[in-house]
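For reference, the structure discussed in these notes is given below.
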Number of protein chains: 2
Amino acid sequence: MARLPLVSGAIPLRPEPAVASKLERFTRLSSDERAALAQLARNVRVIDARRDLMCEGDEPRFVHLVLDGWGCRYKTLPDGKRQIVGIFLAGDFCDVNVFILNHMDHSVGAVTRLKVAVITPDEMRALTAERPRITQALWWQELMAMSIQREWTLNLGQRTAYERLGHLMIELYVRLEAVGRAADGRCDFPLTQNDLADATGLTAVHVNRTLQELRRDRLIELERKQLQILDLPRLMDATMFNPNYLHLNREGRHLDAND
Amino acid sequence: MARLPLVSGAIPLRPEPAVASKLERFTRLSSDERAALAQLARNVRVIDARRDLMCEGDEPRFVHLVLDGWGCRYKTLPDGKRQIVGIFLAGDFCDVNVFILNHMDHSVGAVTRLKVAVITPDEMRALTAERPRITQALWWQELMAMSIQREWTLNLGQRTAYERLGHLMIELYVRLEAVGRAADGRCDFPLTQNDLADATGLTAVHVNRTLQELRRDRLIELERKQLQILDLPRLMDATMFNPNYLHLNREGRHLDAND
DNA sequence: CGTCTGGTTGATACGACTCAAATTTGGTGG
DNA sequence: CCACCAAATTTGAGTCGTATCAACCAGACG
């Protein structure tokens, strides 16, 4: 009788092909290409929750592809302040061309236990040489990452605490939905209030109070690392969320494969 | 006897080859390659100060290369708030691969009168097909733009008004220096206090008062669109400026041309 | 000479921070 | 299964940085 509790771990709506799923928000791939992507997951590495994958100053050596879990990029200041500058989710390529640079300008950490495919520069070069459509899709991916970074700049510069938090939650929900990891307004949401503070430029205390406001307004529920967006249209309105910046509407459909 | 006034317009230390100058902060180019870059400036367009080059929603059609002047990217919110998300200067390529996307997620405006080379997708494709070293350098350029965007996120999220403004001024000074448009702590600085407010997420009033503090502390002079940094080391310290994120230290020197 | 944009100043308000402590949750080991 | 501990969340009180609103001033320009 009682409402089902918001428990149970990950939502395995579409278990694994997050990569293909994401890239196909840009252009449809052939089954051949999908197989090539799956091939990348030969060399898998698992990072414990709250551990770092790489640190500022490190020399980057591999491209990573997130298979499962949540990670973040962050920068720290000499005075100890920390800013999360980006979140990555299943299906995200991490620094496709980073081996052009010889040191990291930020750190990369695991929010949850993180499963990543480790890809060598050579594998990457082979992939891009042989698969023009995938290459295009990877480009799209990078441009999308850049667009998200700009939106975060806007978020921090111009939105209130209430708007920032709501906006961030929608972004993550929509991105998860694009890789089959969210539906019906519900998704995993493993960020702590501390993480949210570091991502939105607020303090944890203020995040706490602001989340209460969002709950009181019946826009979200957030409990046990599960987020339920109760009224997406109203939340989008309240946070001035415009999905265009995510470029998820198959903008490369003119390049679609046809098998 | 009296100190020279900080007048006169642009500082033409190295008049034009800003592009090559910038890319060679990554890897040394051959004279051949430099010529190919110069070739791009066949089709020049001039935009008046305070005019827009492109608007959010537009379909991008060309790559632009800034030859002279200052421009900015910005986003606006339904409630009228505006955030400048990036500044571009002489030598900057603007959206090298933007024609992958079919609509702009932000607007692009001229801060000063702006001289840009207009480059077609075909020209771009030809350049990258024939010039691997330039292609690498363009990649570096994009990664650097991404790194700058992350640093802005950090700036807005974690630094105080005082630090934000000082940090921004150093960044722009260093970037100008890299293309021969600044020296001895002095450079053009055409941003109004309103622009600074939109770039730092502050109000113009507060920018005004904070600039006065920076002047009172003998860190900068700023008058008639001319910036003089009086004590760069101290300003870097005060704003926690770490130049690494600009990746200007010839990180691609192993690829250097040898003619 | 009026108009406009950009810069400056003052008074007041408020959103977000700080510090401190209590409470709840989740994980771990006995 | 419970006891324990650390991490995460919640609450309260007081402060501070930045916003807001409203003038006023200076120089550029037609």
Side-chain angles (χ1 to χ4, degrees), chain A residues 5-9 48-51 77 79-84 109-113 155-166 188-216 220-227 239, chain B residues 5-7 9 48-51 70 77 79-84 109-113 155-166 189-216 220-227:
Chain A
L6 292 174
V7 294
S8 80
D48 279 349
R50 305 288 152 185
R51 275 264 150 48
L77 248 20
D79 66 0
K81 284 182 189 148
R82 174 178 120 115
Q83 176 70 38
I84 291 179
V111 173
T112 65
R113 212 168 71 103
N155 213 18
L156 288 168
Q158 302 299 336
R159 280 190 257 250
T160 64
Y162 188 91
E163 293 160 353
R164 275 183 229 182
L165 281 167
D188 279 351
F189 201 86
L191 298 177
T192 65
Q193 293 183 4
N194 244 305
D195 296 331
L196 284 170
D198 288 346
T200 55
L202 303 165
T203 56
V205 171
H206 198 56
V207 165
N208 182 286
R209 299 198 228 262
T210 307
L211 286 177
Q212 292 180 43
E213 279 190 72
L214 284 160
R215 285 192 268 244
R216 178 159 35 68
I220 61 154
E221 282 170 0
L222 178 56
E223 218 182 345
R224 298 159 181 277
K225 312 294 179 210
Q226 292 280 311
L227 170 68
T239 62
Chain B
L6 293 173
V7 293
D48 280 349
R50 305 287 148 188
R51 275 263 149 50
W70 288 38
L77 250 18
D79 66 0
K81 284 182 190 146
R82 175 177 118 115
Q83 176 70 38
I84 292 179
V111 172
T112 64
R113 210 167 72 105
N155 214 18
L156 289 167
Q158 302 299 336
R159 279 189 259 251
T160 64
Y162 188 91
E163 293 161 353
R164 276 183 229 183
L165 283 167
F189 202 86
L191 299 176
T192 65
Q193 294 185 359
N194 245 304
D195 296 330
L196 284 171
D198 288 346
T200 54
L202 303 165
T203 57
V205 171
H206 198 58
V207 164
N208 183 288
R209 297 197 230 261
T210 306
L211 286 177
Q212 292 180 42
E213 279 189 74
L214 283 161
R215 285 191 270 244
R216 179 161 33 69
I220 62 155
E221 282 171 1
L222 177 56
E223 219 182 343
R224 299 159 181 278
K225 312 292 177 211
Q226 292 280 311
L227 170 66

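Here is the naming used below: chain letters follow the sequence lines, and residue numbers restart at 1 for every chain.
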Worked check of side chain to side chain contact (heavy atoms under 4.5 Å, CB included) between Arg50(A) and Thr192(A): CA-CA 11 Å; Arg50(A) 305 288 152 185; Thr192(A) 65; 3.8 Å; yes
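The NZ-C1' distance, from Lys225(B) to dG6(C), rounds to 7 Å in whole Å. In this structure, CD of Glu223(B) is placed 18 Å from P of dG6(C), rounded to the nearest angstrom. Look at NE2 on His206(B): it is 15 Å from P on dT8(C), rounded to the nearest Å. In this entry the distance linking CD of Gln226(A) with C1' of dT25(C) reads 16 Å, nearest Å.
Here Thr203(B) lies in heavy-atom contact (under 4.0 Å) with a base.
For DNA chain D, the contact window with chain B, defined by any atom under 4.0 Å from a protein heavy atom, covers dT18(D) to dC21(D) in 5' to 3' order.
Applying the salt bridge (Lys or Arg N to Asp or Glu O under 4.0 Å) criterion to Arg216(B), with sequence neighbours excluded, gives no partner residue. Every salt bridge (Lys or Arg N to Asp or Glu O under 4.0 Å) that Arg82(B) has, sequence neighbours left out, goes to Asp195(B), Asp198(B). Taking the side chain to side chain contact (heavy atoms under 4.5 Å, CB included) definition, one finds that Ala49(B) meets it with nothing, sequence neighbours left out. For Arg113(A), the salt bridge (Lys or Arg N to Asp or Glu O under 4.0 Å) test picks out no residue, with sequence neighbours left out. Here Thr112(A) pairs with Trp70(A), Pro190(A) under the side chain to side chain contact (heavy atoms under 4.5 Å, CB included) rule; sequence neighbours left out. For Lys81(B), the salt bridge (Lys or Arg N to Asp or Glu O under 4.0 Å) partners at least two apart in sequence or on another chain are Asp79(B).
If you check dG6(C), dG26(C), dC19(C) against the side chain of Arg224(A), the one that comes closest is dG26(C).
The two residues Ala110(A) and Asp48(A) have their closest heavy-atom pair at CB-O, 3.5 Å.
Side chain of Arg164(A) to main chain of Arg159(A): a donor-acceptor pair is present (N/O by atom type, distance under 3.5 Å, no hydrogens or angles). Although no hydrogens or angles enter the test, the distance criterion places a donor-acceptor pair under 3.5 Å between the side chain of Arg215(A) and the main chain of Leu222(A).
Bending across the helix from dC1(C)-dG30(D) to dG30(C)-dC1(D), expressed as the angle between its end axes from five pairs apiece, amounts to 50° (10° rounding).
A heavy-atom distance below 4.0 Å to DNA chain D is reached by these residues of residues 207-215 of chain A, ordered by number: Asn208(A), Arg209(A), Gln212(A), Arg215(A).
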Show me the side-chain donor-acceptor pairs of residues 205-214 of chain B shorter than 3.5 Å, one per line, residues at least two apart or across chains.
from, atom 1, to, atom 2, distance (Å)
Asn208(B), OD1, Gln212(B), NE2, 2.5
Asn208(B), ND2, Gln193(B), OE1, 2.9
Thr210(B), OG1, His206(B), O, 2.7

